[in-house]
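Here's the structure we're looking at; comments come further down.
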Amino acid sequence: MAYKISDTCMACGACLPECPVEAISEGNPYTIDAGKCQDCGACAETCPAEAISKS
């Protein structure tokens with residue numbers, strides 16, 4: 001199950017370098033490509049806004 005980013009995303013960029021498969025795209029809020037996401041959770045652990053969770 002892929003992770004998703006909620007509207008509480010601050011677009012701070014903390015999650016971008018943590019994704020090993022580059023599934024996160026910049027925007028407001030950022031988005032995660034469910035087809036690329038490997039469900040590792042690295043992005044969720046890094047998010048200061050706790051905006052990333054399982055979909």
Side-chain angles (χ1 to χ4, degrees):
M1 181 181 290
Y3 279 78
K4 66 177 181 176
I5 301 177
S6 73
D7 290 338
T8 59
C9 172
M10 302 182 303
C12 69
C15 58
L16 285 175
E18 300 304 316
C19 183
V21 294
E22 299 179 354
I24 302 171
S25 298
E26 292 184 59
N28 194 9
Y30 281 27
T31 57
I32 297 176
D33 182 334
K36 289 183 180 180
C37 180
Q38 294 183 338
D39 195 31
C40 71
C43 57
E45 293 172 12
T46 305
C47 181
E50 298 181 357
I52 305 173
S53 62
K54 294 242 184 184
S55 51

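Heads up: numbering here begins at 1 and tracks the sequence. Scope of the values below: all heavy atoms of this structure, side chains included, with no hydrogens, waters or symmetry mates.
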Find the distance between OG1 (Thr31) and CD (Glu26) and round it off to the nearest 0.5 Å. 10.0 Å
Would you sort out whether Lys54 and Asp39 count as a side-chain contact (heavy atoms from CB on, under 4.5 Å), showing the intermediate values? CA-CA 8 Å; Lys54 294 242 184 184; Asp39 195 31; 2.7 Å; yes
Rounded to the nearest 0.5 angstrom, the SG-CD distance for Cys40 and Glu45 is 8.0 Å
Indicate the atoms forming the closest heavy-atom contact of Thr46 with Ala14, along with that distance. CG2-O, 3.4 Å
Over all atoms of both residues, closest heavy-atom pair of Asp33 and Gly35: OD1-N, 2.8 Å
How long is the straight-line distance from SG of Cys47 back to CD of Glu18, given to the nearest 0.5 Å? 11.5 Å
Can you find a heavy atom in the side chain of Leu16 that is under 4.5 Å from one in the side chain of Tyr30? yes
To the nearest 0.5 Å, what is the distance between SG on Cys37 and NZ on Lys4? 12.5 Å
For residues Ala51 and Cys9, report the shortest heavy-atom separation together with the two atoms involved. CB-N, 3.6 Å
If I take atom SG from residue Cys15 and atom CD1 from residue Ile5, how far apart are they, to the nearest 0.5 angstrom? 5.0 Å
